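Report on the structure given below.
Residue numbers run from 1 in the order of the sequence given. As the structure is a prediction and not an experimental result, all values here were calculated from the model.
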Amino acid sequence: MAGFEISRTLPAITRGKDNPPNGTAERLPRLIDRRNLLPVAARWLSARIDEARVLPRESGPTPVREMWPRWYAYHQQRLRATHLRQKLETELLKATGGIPTVELSIPGTDQLTSVRSFADINRLTPELDTEQLSEARVELRRRRKQWRETDQRLGYSDAVTREQELAHKAGIAGRVMRITAPSSLIEVTAKLHCLIVMHDPGRKLELTPWPELRRLLKDLMRIGERG
């Protein structure tokens, strides 16, 4: 549908500049602050997990280092889906003039009542005459039809559904990863990165333990850099 172009396959996480010609992951930037913490951690983890693919895989549960790329891919797709949904929502509201409603004037008062459903109109039956009720139903039906047609053309409802699906998948993947026992510093870092992304994506929470957890994420990357 128009405007709805999110892939339903998980994209590969590429390292780009984090994988120089000599094969060694680029070092952490000198300054890691609240603004760049999570993107830097994601690039750092992607590079180290990519390097760890050559390690032998032990039998047993899926390791965290294999869970993190799938969870992060879902997370990135969910962000893109949210951006698309917001864009389409703005276009839909602009094209239709807003959510389908009808403004009704209550006789004997200066009050205007906004109604969104036929049930709301029916509740006003004692206060409005038959002609007003009929006009209100016709107008609400017209506006709903305009909304549905514009929604179908833009693909807004599909975008909402897709965003919800990806949020659900990312949530499940993140929760499973967070209860899986780590086996390395990289996996501990991946679990902490996931925790912060899911609960403090804007890095705005100031109450303990969130500032401490953000500092811990930086500490783990610094230690991993020396390892």
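One hydrophobic cluster, built from ILVMFWY side chains closer than 4.5 Å, cannot hold both Tyr74 and Leu79; they sit in different ones. In the hydrophobic clustering of this structure, Leu213 groups with Leu185; members are Ile, Leu, Val, Met, Phe, Trp, Tyr whose side-chain heavy atoms approach within less than 4.5 Å, directly or through other members.
Looking at Lys191, its side chain does come within 3.5 Å of a backbone N or O of Met177 through a donor-acceptor pair. The backbone N or O of Leu31 lies less than 3.5 Å from a partner atom in the side chain of Asn36, making a donor-acceptor pair. Within the 3.5 Å criterion, the main-chain N or O of Ser46 finds no donor-acceptor partner in the side chain of Asp50. For Asp200 (side chain) and Lys204 (main-chain N/O), a donor-acceptor pair under 3.5 Å exists by modelled atom type.
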Begin with the C-alpha distance, continue with both residues' side-chain angles, and end with the deciding distance and a verdict on side-chain contact (heavy atoms from CB on, under 4.5 Å) for Thr113 and Glu103.
CA-CA 6 Å; Thr113 299; Glu103 297 289 336; over 6 Å; no
Please report the C-alpha distance between Arg144 and Arg141 in whole Å, then the side-chain angles of each, then the deciding distance to 0.1 Å, and finally whether the side-chain contact (heavy atoms from CB on, under 4.5 Å) criterion is met.
CA-CA 5 Å; Arg144 284 185 166 187; Arg141 193 173 292 113; 5.8 Å; no
Given side-chain contact (heavy atoms from CB on, under 4.5 Å), test Leu104 with Gln132 step by step and report yes or no.
CA-CA 8 Å; Leu104 292 174; Gln132 286 177 300; 5.7 Å; no
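The NE2 atom of His83 sits 13.0 Å away from the CZ atom of Arg78 when rounded to the nearest 0.5 Å. For the atom pair CD1 (Ile32) and CH2 (Trp44), the distance works out to 10.0 Å, reported to the nearest 0.5 Å. Of the inter-residue distances, the one linking Gln152 atom CD with Leu92 atom CG reads 12.5 Å to the nearest 0.5 angstrom. Considering CD1 of Ile196 and CG of Leu37, their distance stands at 6.0 Å, rounded to 0.5 Å. Between Met221 atom CE and Thr189 atom OG1 the span is 8.0 Å, to the nearest 0.5 Å.
Ion pairing between Arg48 and Glu225 holds under the 4.0 Å rule for side-chain N and carboxylate O. Between Arg85 and Glu89, at least one side-chain nitrogen of the basic residue sits less than 4.0 Å from a carboxylate oxygen of the acidic one, meeting the salt-bridge criterion. Residues Glu149 and Arg153 are not paired through a salt bridge, judged by the lack of any N-O separation under 4.0 Å between the basic side chain and the carboxylate. A salt bridge is defined here as a Lys NZ or Arg NE, NH1 or NH2 lying under 4.0 Å from an Asp or Glu carboxylate O, and Glu165 with Arg162 meets this definition.
Residue pairs meeting the ring pair (Phe, Tyr, Trp, His ring centres under 6.0 Å) criterion with at least one member in residues 178-200, sequence neighbours excluded, are Trp68-His193, Trp71-His193, Tyr72-His193.
Counting all heavy atoms, side chain and backbone alike, Ala81 lies closest to Leu166 at CB-CD1, 3.9 Å. Residues Leu140 and Val115 come closest through the heavy atom pair CD1-O, 4.4 Å. Across all non-hydrogen atoms, the minimal contact from Leu28 to Val40 is CD2-CG1, 3.9 Å. When every heavy atom of Cys194 is checked against every heavy atom of Arg178, the shortest pair comes out as SG-CG, 4.1 Å. The two residues Ser114 and Thr101 have their closest heavy-atom pair at OG-CB, 3.7 Å. Here the closest non-hydrogen pair linking Arg65 and Ser183 is NH1-OG, 4.5 Å.
Remark: Ser184 engages Ile186, Glu187 in a side chain to side chain contact (heavy atoms under 4.5 Å, CB included) (not counting sequence neighbours). In this view, Arg34 and Glu206 satisfy the salt bridge (Lys or Arg N to Asp or Glu O under 4.0 Å) rule, not counting sequence neighbours. By the side chain to side chain contact (heavy atoms under 4.5 Å, CB included) test, Pro201 pairs with no residue at all, sequence neighbours left out. Thr180 pairs by the side chain to side chain contact (heavy atoms under 4.5 Å, CB included) definition with Val64, Met67, Val176, not counting sequence neighbours. Legend: residues meeting side chain to side chain donor-acceptor pair (under 3.5 Å) with Glu135, ordered by chain and number and at least two apart, are absent. Judged as a side chain to side chain donor-acceptor pair (under 3.5 Å), and not counting sequence neighbours, the contacts of Arg143 are Glu139. The side chain to side chain donor-acceptor pair (under 3.5 Å) test applied to Thr130 returns no partner, not counting sequence neighbours. For Gln146, the side chain to side chain contact (heavy atoms under 4.5 Å, CB included) criterion is met by Thr96, Arg142, Thr150, not counting sequence neighbours. Applying the side chain to side chain donor-acceptor pair (under 3.5 Å) criterion to Lys218, with sequence neighbours excluded, gives no partner residue. Applying the salt bridge (Lys or Arg N to Asp or Glu O under 4.0 Å) criterion to Asp33, with sequence neighbours excluded, gives no partner residue. Considering only residues two or more places apart in sequence or on other chains, Arg203 meets the salt bridge (Lys or Arg N to Asp or Glu O under 4.0 Å) condition with none of them.
Counting only N and O atoms by type, the side chains of Asp158 and Thr161 include no donor and acceptor under 3.5 Å apart. Using a 3.5 Å distance cut-off with no hydrogens or angles, the side chains of Gln86 and Thr90 do not pair a donor with an acceptor.
By the 4.5 Å heavy-atom criterion applied to side chains, Val160 and Leu88 are not counted as neighbours.
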